[in-house]
Each structure stands twice: as C-alpha cells, then as structure tokens.
Amino acid sequence: MTMNHPWRQTLHVEPKTGWLNDPNGLCDYGGVHQLYYQSSPEDAAGGGKKCWAHRQSSDFFHWSEEETVLFPDIPEDRSGVYSGSAVVLPGEIRLFYTGNVKEPGEYDYILSGRQANVITVTTADGSTMSEKQVLLRNSDYPADCSCHVRDPKIWREEGIWKMVLGARTRRDRGCVLVYHSQDVLHWTFAARCTQPDFGYMWECPDFFRVGGQGYLGVSPQGLTHEEYRYQNVYQSGYFPVEGKLEEGKLGAFTEWDYGFDFYAPQTYETADGRRILYGWMGIPDADYENPTTPLGWQHCLTLPREIRVGEDGKLLQQPVRELERLLSAPAPMEGAGELPKACVLKLTRTQPDFALTLAGGLTLAYREETGVFALSFADKALGGGRTKRQSKGMACKTLEVVVDASSLEMYLDGGKQVFSTRFYPESYPVGYTLTGGTGSVFTVNL
Ligand code: FRU
C-alpha cells in the first residue's frame with residue numbers, strides 16, 4: 001500500500017519493504033545487469049538477519065521484481081549473509097559473500113565471538129542458488145587480524161583469480177587482504193595493503209582498472225572529520241595503485257561522494273566495456289533520519305554511474321548514458337518555477353555566486369571567491385535532520401542534478417565531484433529559485 005507513497009523513488013532501486021544497504025554481486029550476465037543488495041525485508045530499521053535481494057534489468061531503469069535469494073541458513077552464515085561480489089563463468093554466475101556468525105555469550109565481537117566466513121554459491125538464472133560452500137574461515141586470515149574481515153571482491157588478472165577482503169587488525173588498523181587462487185575455490189594469502197593513520201576498519205574493498213590504471217576502492221571507518229572532506233560518519237573512496245596491487249603502493253585517497261548519503265559502493269564492468277559504480281545511498285550510524293522508516297521501508301541505491309579517467313587522473317562519474325534516452329525535450333530554467341518529480345537539471349553558472357533552492361529549504365550554493373560548493377538544509381523536516389556538506393576547489397562551471405521523488409544527486413563539472421542526499425518534500429511539484437545560473441530541466445519519462 002505504501003508503493004504509491006509520494007516519497008517512493010522512480011529512478012532508484014529501493015526495497016519494497018524493509019531495509020536496504022550495500023550493493024552486492026554486481027555483474028553483466030549475458031547482457032543483463034544483475035543487481036543484488038543487502039536487505040532486511042522485515043525490518044525497515046535494519047534489524048534482523050541480513051539477506052541478499054536480487055533484481056535484473058537490461059537498461060538500468062526497468063527492473064524485475066525484488067526477490068530474496070540468499071538467506072542465513074547454514075551454521076557458517078547464521079547471523080547474516082553479508083556483502084560480497086560476483087564473477088561470471090560459462091553458463092553461471094559465481095557469488096562470494098561473508099557469512100557472519102555472532103556466537104552467543106559475552107563477547108566484544110571485535111577481538112572474539114565473531115566468525116567471518118567466505119562462502120560461495122553458483123546460480124545459472126541469477127536467483128536459484130546452488131548449495132553453499134565455505135572457502136575461508138577466521139583461521140585462514142593473518143593472525144594479527146581481528147574478527148572483522150569481510151566483503152570479498154573477486155576478479156581475474158594475470159591468469160589467476162584474485163580476491164580482496166576488508167579487515168581491521170587487532171591494533172585497530174584498517175587494511176585490505178589480497179588472496180590468490182587458480183580455480184576460484186582454493187585461496188592462499190598473498191599480500192596486504194594499508195595506509196598509515198587511515199582508520200581502524202576498511203569495509204567493502206574493490207579493485208578495478210579504468211584505462212589501464214588500477215584503483216583500490218575502500219570504505220574506511222575512523223578517519224578524522226575535516227571541514228571540506230570526510231564529513232560523514234564513515235567514508236568511501238579510492239586510491240590509485242602504483243604497479244601491482246600486491247606491492248601495496250597506494251596514491252592519494254579521493255572520496256567518491258561529498259553528500260550525506262553514500263557508502264559501501266561496488267563497481268563492475270558491462271559487456272560493452274564500461275565501468276559502472278553503484279553506491280548505497282545511505283550510511284550506517286548517521287545522526288539524521290529517513291522518514292520512510294515508519295512507513296515500512298528505508299534506503300535506496302544511487303543511480304548507476306559510469307566511471308572515466310579525467311585529465312588529472314582523478315575519476316569522473318556520470319549517470320549511465322541510458323538515462324538520456326528517458327529525457328523529455330528541455331524546458332528553460334530561470335529565476336523561479338516548479339520541478340516534476342523525476343527530472344534532470346543541466347545548469348551553467350553565469351555569475352560568481354550561484355544558488356539553487358529547492359522546496360524552500362535546501363540550497364545548493366557556490367561562491368567563486370572561496371571555491372566552496374555547499375549543500376545546506378534550512379528545514380529540519382525536509383532533510384530529516386541533515387545540515388550541511390561542502391567541498392572546496394571546484395570551478396562549478398556546470399552542475400547536473402538528478403532529482404528523484406526523495407533524493408538528489410549533484411554532478412559538478414562533468415562529475416569531478418558528486419554530492420548525494422535524500423530529501424523529503426512535503427508536496428509536489430517541488431518549487432525552485434535559481435540565481436547566478438541558467439539551464440534546462442528535462443523531465444524523466446519512465
Ligand atoms: C557495509 C557493511 C559491510 C557488511 C554489510 C552488512 O555497510 O557493514 O561491511 O558486509 O554492511 O550488512
């Protein structure tokens with residue numbers, strides 16, 4: 001019954017009921033995009049045991065019905081089917097995930113009381129799963145690791161299979177463990193990558209290449225918050241990797257997204273060679289809220305984003321090109337007006353000071369003098385308690401905004417920086433005022 005609620009997203013994948021977190025098992029299987037995600041179908045607040053939900057699409061916007069396909073049903077995953085990834089083999093997808101086990105008793109669940117098992121299953125149709133097989137257990141991880149080791153991501157390189165796992169050492173240092181395998185089932189420890197003073201835990205690692213350059217994506221916990229970066233409770237970003245990943249030479253870390261709602265992303269390659277990134281448009285342990293929770297569902301994924309290398313070697317993100325096919329003819333945007341529920345704004349800054357206010361309580365502003373781009377909520381209900389996020393150093397010549405029923409994704413300067421946030425307007429259409437810029441609004445027809 002809440003399927004028609006005005007806050008129901010139209011372009012973004014969200015759960016029918018309950019809670020969603022990390023994207024998992026992303027792959028292109030025979031030209032169809034396979035999407036799995038962490039799900040607690042019965043508890044919108046995220047309690048209960050995590051499962052994997054599944055959907056598929058051939059165009060990123062029309063999806064099959066949500067189906068829960070992996071449940072915690074063996075001793076090695078009894079407290080949750082946690083995050084993981086997929087590889088496509090002839091005639092099947094092989095999935096890997098972390099089986100989380102919390103032993104009953106008085107434990108801190110960091111140094112004791114928790115098992116983190118790497119488990120695999122195969123599926124020929126994306127949703128019917130084979131028997132589960134345990135590949136790695138706590139005893140297979142380096143002795144200085146805590147019980148927090150998880151989120152396997154697998155890829156093939158140099159004629160072998162490679163896996164990265166996110167980990168926390170017993171001395172509270174975040175790192176990535178690298179394993180090798182000849183047959184995808186037997187794995188041996190090969191290397192570790194870390195960075196001094198860079199958090200106590202690294203979740204959801206991902207190694208991928210764009211234009212030949214290797215990148216290590218991680219979601220670190222425990223970074224010190226700063227004025228213009230690392231503003232959320234936990235972070236997500238990537239390191240360029242110099243040479244082989246196993247040598248552990250990581251360059252400077254760049255955040256994927258500067259908004260309120262982004263965490264635990266994963267990438268995959270499409271059949272036509274595009275690197276696609278999906279993030280969870282949410283974050284654990286935030287001090288702001290989503291008013292859909294009492295209505296029975298919470299969170300969504302970001303739009304799929306195409307990743308390219310920019311001139312400075314930093315990665316550019318752009319909504320998948322399939323979105324363009326859904327856009328109506330442009331209508332001019334100037335001064336003030338109203339926006340439909342799902343639309344794309346393509347704006348150009350024409351003055352040193354630029355400001356776009358939506359629904360009377362959310363302002364996106366840029367000042368050339370300081371180079372600061374800021375997203376500020378003046379209205380507590382509109383932002384569910386979100387306040388302000390900002391970044392520095394962009395030119396903000398162009399700004400593309402994807403507006404959905406209850407979210408915004410803002411792509412600055414061709415995707416050099418992105419800001420994602422949820423927002424909860426009281427009514428639609430959403431009014432806007434625009435100063436210091438001009439552009440067009442394109443309605444999305446889905
Ligand atoms: C990241 C994360 C992963 C874990 C999953 C559990 O949001 O904590 O590390 O596998 O969520 O749902």
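Under the salt bridge (charged side-chain N to carboxylate O under 4.0 Å, His left out) test applied with K16, the options E66, E67, E65 reduce to a single match, E65. Each of W155, F96, F189 was compared with Y179 under the ring pair (Phe, Tyr, Trp, His ring centres under 6.0 Å) criterion, and only F189 meets it. Checked options Y215, W256, F208, W202; the residue passing with F239 is W202 (criterion: ring pair (Phe, Tyr, Trp, His ring centres under 6.0 Å)). Of the candidates Y29, Y97, W52, Y36 forms a ring pair (Phe, Tyr, Trp, His ring centres under 6.0 Å) with just one, namely W52.
Put simply, the side chain of H148 gets close to the backbone of Y109: a donor and an acceptor are under 3.5 Å apart. Looking at R156, its side chain does come within 3.5 Å of a backbone N or O of G159 through a donor-acceptor pair. Formation of a donor-acceptor pair under 3.5 Å by the N232 side chain with backbone atoms of Y234 is not found in this model. For the pair S64 (side chain) and R55 (backbone), a donor-acceptor distance under 3.5 Å is absent. Between the side chain of E289 and the main chain of G384, no donor-acceptor pair closer than 3.5 Å is present. Between the side chain of S146 and the backbone N or O of R168, at least one donor-acceptor pair lies under 3.5 Å.
When every heavy atom of D28 is checked against every heavy atom of E269, the shortest pair comes out as CB-O, 3.9 Å. Taking each heavy atom of E247 and E242 in turn, the nearest pair found is OE1-O, 4.2 Å. N24 approaches Y82 most closely through the heavy-atom pair OD1-O, 4.5 Å. For the pair M410 and T421, the tightest heavy-atom approach, listed with the atom from each and the gap, is CE-CG2, 4.0 Å. Considering every non-hydrogen atom in both C193 and G248, the closest pair reads SG-CA, 3.9 Å. When all heavy atoms are compared, the tightest approach of C343 to T443 is CB-CA, 4.1 Å.
Side chain to side chain, Y238 and E255 fail the donor-acceptor criterion of an N or O pair below 3.5 Å. Counted by atom type alone, R150 and N100 present zero donor-acceptor pairs between their side chains at under 3.5 Å. Counted by atom type alone, R305 and Y411 present one or more donor-acceptor pairs between their side chains at under 3.5 Å. Remark: the Q56 side chain and the H33 side chain contain no N/O donor-acceptor pair separated by less than 3.5 Å. There is a side-chain donor-acceptor pair under 3.5 Å between T128 and D125. Side-chain contact annotation: T169 with D144, donor-acceptor N/O pair under 3.5 Å absent.
No side-chain heavy atom of F260 sits under 4.5 Å from any side-chain heavy atom of I283. With a 4.5 Å cut-off on side-chain heavy atoms, S407 and H12 count as touching.
Ring planes of F60 and Y278: tilted class, angle from 30 to 60°.
A salt bridge links R274 to E322: one of the charged nitrogens lies within less than 4.0 Å of a carboxylate oxygen. Salt bridge annotation for K244-E157: absent, with no cationic side-chain nitrogen under 4.0 angstrom from a carboxylate oxygen. With respect to the salt-bridge test (charged N to carboxylate O, under 4.0 angstrom), the residues E226 and R229 qualify.
Considering OG1 of T194 and CG of L177, their distance stands at 10.0 Å, rounded to 0.5 Å.
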Trace of the salt bridge (Lys or Arg N to Asp or Glu O under 4.0 Å) decision for K162 with E246
CA-CA 10 Å; K162 298 188 178 185; E246 289 81 348; 2.9 Å; yes

